[in-house]
Amino acid sequence: LQPHKGSSERWWELRHNRLVRQYRRVDTPDTTLAATDGREDWCLHMTDLHAGDVERNDEGEVVYATDMIPDVVDYITEQGVSLAAKHGSEYDTAHLLWGGDFVTNEGIYEGQFEDLDAWLDEQHETLIDPLIRQIKTFAESDRFETVQVVCQVGNHGQHRASGTSRQANADLILYKTIRNTIAHLQSHGDVLDNVAFRIGSAKPYRNFQLR
């Protein structure tokens, strides 16, 4: 059965409002980005994870599904760190560039629910742990002084029901969930204090500082 769009939109609106209230009670994760003459920065760009999609090859075998995504993100994280080590340079800041369409959503095109193996809340939940692990891996590595997470939304995050605002974007809600988690860890756990977040509004671009 196709989910009722009105209830889905309402759930995400309430989720977004709750995250905003939580965010106002904590400081934005921020830090002075390290920049030393003679050293370099490292960029890792990740986009179009499309949590919720299930893809099959010509033989009908599943080659991509939601439960594979944590391993995919962990692999990208491991490859990013190992490639930095292979280059052998001395680094200051790691820039984690999250390019959007991390979720595939539910109502982006007609009949999309037939191509899904996870609803929106499950898509969202699947991504949180591996993304936080990615931040922790780079932030706790002795190879990088600081980490900047730059978040851009994608078109698949958009909620397209009438009456919704531009900010009704599932990517944006995912990013804010992780930002709030990091902020609480910094505030109460005294960890990951070398992490900065840059999240803009739901626009087709996000400006940020890069040495």
Asks: Same cluster for F138 and Y75 if Ile/Leu/Val/Met/Phe/Trp/Tyr side chains link at under 4.5 Å?
Replies: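 Looking at the clustering, Y75 is in a separate group from F138.
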Asks: Working to the nearest 0.5 Å, report the span between CD1 of I135 and CD1 of I182.
Replies: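 It comes to 4.5 Å.
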Asks: Got a second to check how far E40's CD is from E90's CD, nearest 0.5 Å?
Replies: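 CD of E90 is found 9.5 Å from CD of E40.
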Asks: Please check if any side-chain donor atom of D117 sits under 3.5 Å from a side-chain acceptor atom of T66, or the reverse.
Replies: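 Their side chains do contain a donor-acceptor pair, which is all the 3.5 Å distance test asks for.
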Asks: Would you confirm whether Y175, through its side chain, and G100, through its main-chain N or O, come within 3.5 Å as a donor-acceptor pair?
Replies: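 Confirmed, Y175 side chain pairs with G100 backbone.
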Asks: Hey, mind stepping through I69 and F102 against side-chain contact (heavy atoms from CB on, under 4.5 Å) and telling me if it holds?
Replies: CA-CA 10 Å; I69 290 178; F102 278 19; over 6 Å; no
Asks: Please lay out, stage by stage, how V147 and V149 fare under the test side-chain contact (heavy atoms from CB on, under 4.5 Å).
Replies: CA-CA 7 Å; V147 174; V149 186; 4.2 Å; yes
Asks: Is L44 linked to F208 within one hydrophobic cluster, defined over Ile, Leu, Val, Met, Phe, Trp and Tyr using a side-chain heavy-atom separation of less than 4.5 Å?
Replies: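 Unlinked, L44 and F208 end up in two clusters.
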Asks: For the backbone of I173 and the side chain of T177, can you confirm whether one donor and one acceptor N or O come within less than 3.5 Å of each other?
Replies: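 A pair under 3.5 Å: yes.
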Asks: Tell me whether M68 shares a hydrophobic cluster with V73, the cluster being built from Ile, Leu, Val, Met, Phe, Trp, Tyr side chains joined at under 4.5 Å.
Replies: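 No: no chain of side-chain contacts under 4.5 Å links M68 to V73.
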Asks: Walk me through whether H124 and L120 qualify under side-chain contact (heavy atoms from CB on, under 4.5 Å).
Replies: CA-CA 6 Å; H124 185 273; L120 242 178; 5.7 Å; no
Asks: For residues T126 and D67, determine if any side-chain heavy atom of one lies less than 4.5 Å from a side-chain heavy atom of the other.
Replies: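 Contact flag for T126/D67 side chains = no.
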Asks: Would you give the length of the straight line joining atom CD of Q186 to atom OG1 of T31, rounded to the nearest 0.5 angstrom?
Replies: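 One gets 8.0 Å once the value is rounded to the nearest 0.5 Å.
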Asks: What pair of heavy atoms forms the shortest contact from G154 to N169, and how long is it?
Replies: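 For G154 versus N169, the nearest heavy atoms are O-ND2, 3.3 Å.
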Asks: Is the number of heavy atoms from other residues, nucleotides or ligands within 6.0 Å of CD (E125) greater than 12?
Replies: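 No, because the 6.0 Å sphere around CD of E125 holds 12 heavy atoms or fewer from other groups.
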Asks: Heavy-atom distance under 4.5 Å between the side chains of R179 and P29, does that happen here?
Replies: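 Yes. Closest side-chain heavy atoms under 4.5 Å.
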Asks: Taking side chain as C-beta onward, heavy atoms only, is E55 less than 4.5 Å from H50?
Replies: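 No, side chains not in contact.
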Asks: Below 4.5 Å, heavy atoms only, C-beta onward: do T77 and R133 meet side chain to side chain?
Replies: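 They are not in side-chain contact.
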Asks: Would you say L97 ends up clustered with L127 if hydrophobic residues are merged whenever their side chains have heavy atoms under 4.5 Å apart, either directly or through other cluster members?
Replies: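 Not linked; separate clusters.
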Asks: Around atom CD of E140, are there more than 12 heavy atoms of other residues, nucleotides or ligands at under 6.0 Å?
Replies: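 For E140, atom CD is crowded (more than 12 foreign heavy atoms under 6.0 Å).
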Asks: For the residue pair R143 and A84, what are the closest heavy atoms and their distance?
Replies: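 Minimum heavy-atom contact is CD-CB, 3.9 Å.
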Asks: T32 versus T146: any side-chain heavy-atom pair under 4.5 Å?
Replies: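 Sidechains of T146 and T32: no contact.
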Asks: Quick one: pull up CZ in F144 and OG1 in T137 and give me the separation to the nearest 0.5 Å.
Replies: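 Result: 10.5 Å between the selected atoms.
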Asks: Do D171 and K176 meet the salt-bridge criterion of a basic N to acidic O distance under 4.0 Å?
Replies: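 Salt bridge absent between K176 and D171.
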Asks: Provide the closest heavy-atom pair for A139 versus N194 in the form atom of the first, atom of the second, distance.
Replies: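 Of all heavy-atom pairs spanning A139 and N194, the closest is O-ND2, 3.0 Å.
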Asks: Give the C-alpha distance, both sets of side-chain angles, the deciding distance and a yes or no for side chain to side chain donor-acceptor pair (under 3.5 Å) between Q134 and W98.
Replies: CA-CA 11 Å; Q134 183 173 98; W98 293 354; 3.0 Å; yes
Asks: As a quick check of understanding, evaluate side-chain contact (heavy atoms from CB on, under 4.5 Å) for E61 and R56, giving each step before the final call.
Replies: CA-CA 5 Å; E61 299 170 327; R56 293 177 171 84; over 6 Å; no
Asks: Atom CG in D53, atom CD in Q123: separation rounded to 0.5 Å?
Replies: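 Taking CG in D53 and CD in Q123, the distance rounds to 8.0 Å.
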Asks: CE of M46 to CG of L49: how many Å apart, nearest 0.5 Å?
Replies: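 One gets 5.5 Å once the value is rounded to the nearest 0.5 Å.
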Asks: Restricting to side chain to side chain contact (heavy atoms under 4.5 Å, CB included), what partner residues turn up for D41, sequence neighbours left out?
Replies: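 Here the qualifying residues are D92, T93, H95, L210, R211.
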Asks: Can you hop from V150 to L174 via hydrophobic side chains spaced under 4.5 Å?
Replies: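 Different clusters: V150 never reaches L174 through Ile, Leu, Val, Met, Phe, Trp or Tyr contacts under 4.5 Å.
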Asks: Only counting residues at least two apart or in another chain, list the ones meeting ring pair (Phe, Tyr, Trp, His ring centres under 6.0 Å) with F197.
Replies: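 Scan of F197 (ring pair (Phe, Tyr, Trp, His ring centres under 6.0 Å), adjacent residues dropped) gives none.
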Asks: State, with a plain yes or no, whether a side-chain heavy atom of D30 is found less than 4.5 Å away from one of R198.
Replies: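 With C-beta onward as the side chain, the pair touches.
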Asks: Do L116 and V54 have side-chain heavy atoms sitting under 4.5 Å apart?
Replies: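 No; the side chains remain at least 4.5 Å from each other.
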